[in-house]
Amino acid sequence: MTDLSQLQEQADAELAAVADEAGLEAWRIKYLSRKGLLPQAVDRLGALPREERAAYGKAVNVLKQSVQSAYEARVAALHEASLAAELTAEGLDVTLPGRRPQVGRLHPTSRILRDVYSIFAHMGFQIYTGVDVESDLNNFQLLNMPEGHPARDMWDTFYTLTPGVLLRTHTSPGQIRVMHGHAPEPIRVILPGKCYRYEQVTARSEMMFYQVEGLAVGENITFGDLKGTLVAFADQLFGEGRRLRFRCSHFPFTEPSAEVDVDCIICGGKGCRVCKYTGWLEILGCGMVHPVVLRNGGYDPERFSGYAFGMGPERIAMLRHGIDDIRYFYNNDVRFLEQFA
Ligand code: FA5
């Protein structure tokens, strides 16, 4: 038993003298490792005469627990001391103000998209999404642009290595997808999404931008319905009393077709740099769905008619905020983005 008391004293004294983690590890190996002094003391139990074993066993257990908990307390104390030393050495000033986290904001395109969704939802339109990677069939052929059609040049794009698979140039192929899913039921939907074009990037044209397509198909739908819908939309988006101008145009998938301008928000129609001194700004293309496209979508053009339109939300955001270069939108420059609170 005196051996055990000596062992306890020796272990305690050496532990108290330990000054760093390396010393602590050496102490642990000496006393607690598998062949350390403590396991050796436990092993001696087997060699003792039977009548001494119970008392020795009890004492060696008490010793084991006491040494183990002294070790754990020393580990914690040393850890705390080294942390405190580190903090003092680094001179951490906890009274300094923290770094302000950068709070994100909605992108100007997302803001316009949300406004557009809300206005059309109130007019009873449902929102659908198509796919960015489209087939040549939906992007061109079923929209009345067979292979070799000259209008394809206007909407050149990026092609994948799989023949007939490309990045869509407009949201119009979504018209085909919705018609195939609903024919012969009436349709009233908008289709937002990204479009891609292989063309020169300029102040007004990006190679990746958003469009919002609109499509209504049913019986007795007329150009008057298209005009009424777009005038109501413009009133809500730009404020009441804006003038809209429907200019004759051509799209292979609508007949008749038009481009729609709004009187310049910046100069009120007098003429300025943004509207190139015309007083008008183009916001979308539209028209009555071509009979060929209706048939391709599964609708009988003798019975059904419809209108469609496609607008560019970035161009609308440019109008609303007087932004004179579309390239700011996707440069990811926080100095531009943080201006739209
Ligand atoms: C089309 O893409 C037709 N699909 C629109 C349409 C739909 C017509 C349904 C009839 C019926 P267009 O290429 O003009 O048409 O593009 C429509 C709108 O998308 C433009 O008015 C413009 O707002 C936007 N847009 C087109 N090209 C770009 C571009 N490179 N960068 C940014 N916006 C663009």
Side-chain angles (χ1 to χ4, degrees), residues 1-114 117 127 129 131-133 192-194 208 210 327-341:
M1 299 292 171
T2 34
D3 284 358
L4 292 185
S5 315
Q6 269 173 9
L7 187 56
Q8 167 105 54
E9 267 170 38
Q10 181 191 340
D12 285 349
E14 285 180 20
L15 189 62
V18 158
D20 53 23
E21 291 191 0
L24 188 64
E25 180 60 4
W27 182 94
R28 188 192 66 77
I29 292 166
K30 180 171 176 187
Y31 288 94
L32 299 178
S33 67
R34 220 146 39 90
K35 292 195 175 147
L37 295 178
L38 233 95
Q40 285 176 28
V42 174
D43 286 348
R44 281 201 289 281
L45 182 72
L48 288 177
R50 188 178 293 275
E51 60 280 12
E52 286 177 26
R53 281 192 195 163
Y56 185 88
K58 217 168 160 190
V60 87
N61 258 341
V62 170
L63 171 65
K64 228 172 88 180
Q65 271 167 20
S66 146
V67 171
Q68 181 68 37
S69 57
Y71 168 73
E72 279 160 18
R74 197 81 186 105
V75 169
L78 268 184
H79 180 67
E80 226 163 84
S82 81
L83 204 63
E86 217 172 276
L87 288 179
T88 322
E90 282 176 6
L92 184 70
D93 181 354
V94 292
T95 64
L96 278 175
R99 288 199 189 98
R100 194 181 286 276
Q102 284 206 332
V103 180
R105 295 172 189 201
L106 275 186
H107 191 280
T109 308
S110 305
R111 288 169 177 276
I112 298 289
L113 285 173
R114 288 191 180 192
Y117 299 160
I127 303 176
T129 46
V131 290
D132 288 21
V133 182
K194 285 189 212 113
M208 196 273 317
Y210 275 81
R327 288 168 288 197
Y328 290 125
F329 280 75
Y330 303 112
N331 272 356
N332 209 19
D333 185 336
V334 78
R335 289 169 302 176
F336 170 73
L337 297 171
E338 70 188 1
Q339 293 175 49
F340 307 97

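Source: prediction; values computed, not measured.
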Quick check for you: to the nearest 0.5 Å, what is the distance between [X] atom [atom1] and [Y] atom [atom2]?
{"X": "Tyr210", "Y": "Ile112", "atom1": "OH", "atom2": "CD1", "value": "13.5 Å"}
{"X": "Gln8", "Y": "Ser66", "atom1": "CD", "atom2": "OG", "value": "3.5 Å"}
{"X": "Thr109", "Y": "Lys194", "atom1": "OG1", "atom2": "NZ", "value": "10.5 Å"}
{"X": "Leu83", "Y": "Leu78", "atom1": "CG", "atom2": "CG", "value": "12.0 Å"}
{"X": "Glu338", "Y": "Asp333", "atom1": "CD", "atom2": "CG", "value": "8.5 Å"}
{"X": "Ile29", "Y": "Leu37", "atom1": "CD1", "atom2": "CG", "value": "12.5 Å"}

Please find the pair of heavy atoms, one from [X] and one from [Y], that lie closest to each other, and give the distance.
{"X": "Ala16", "Y": "Arg74", "value": "O-NH2, 3.8 Å"}
{"X": "Leu113", "Y": "Pro192", "value": "CD2-CB, 4.4 Å"}
{"X": "Ser33", "Y": "Pro39", "value": "O-CG, 3.1 Å"}
{"X": "Tyr56", "Y": "Ala41", "value": "OH-O, 2.8 Å"}
{"X": "Leu45", "Y": "Gly57", "value": "CD1-N, 3.6 Å"}

query = Hey, what's the ring geometry for Tyr71 with Trp27, parallel, tilted or perpendicular (30° and 60° as the breaks)?
reply = parallel
message = side chain to side chain contact (heavy atoms under 4.5 Å, CB included), that's the test. Do Val75 and Arg28 meet it? Break it down for me.
response = CA-CA 10 Å; Val75 169; Arg28 188 192 66 77; over 6 Å; no
Mind checking whether [X] and [Y] have side chains closer than 4.5 Å, heavy atoms only?
{"X": "Ser5", "Y": "Leu63", "value": "no"}
{"X": "Arg114", "Y": "Leu106", "value": "yes"}
{"X": "Phe329", "Y": "Pro108", "value": "yes"}
{"X": "Val60", "Y": "Arg44", "value": "no"}

Is there a donor-acceptor pair closer than 3.5 Å between any side-chain N or O of [X] and the backbone N or O of [Y]?
{"X": "His107", "Y": "Tyr330", "value": "no"}
{"X": "Gln40", "Y": "Lys35", "value": "yes"}
{"X": "Arg105", "Y": "Leu337", "value": "no"}

For [X], does the [atom1] atom have more than 12 heavy-atom neighbours from other residues, nucleotides or ligands under 6.0 Å away?
{"X": "Glu80", "atom1": "CD", "value": "no"}
{"X": "Glu51", "atom1": "CD", "value": "yes"}
{"X": "Asn332", "atom1": "CG", "value": "no"}
{"X": "Tyr117", "atom1": "OH", "value": "yes"}

message = Quick one about Asn61 and Gln65 (side-chain donor to acceptor, distance below 3.5 Å, no hydrogens or angles considered), yes or no?
response =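 Not at all, the side chains of Gln65 and Asn61 share no donor-acceptor pair under 3.5 Å.
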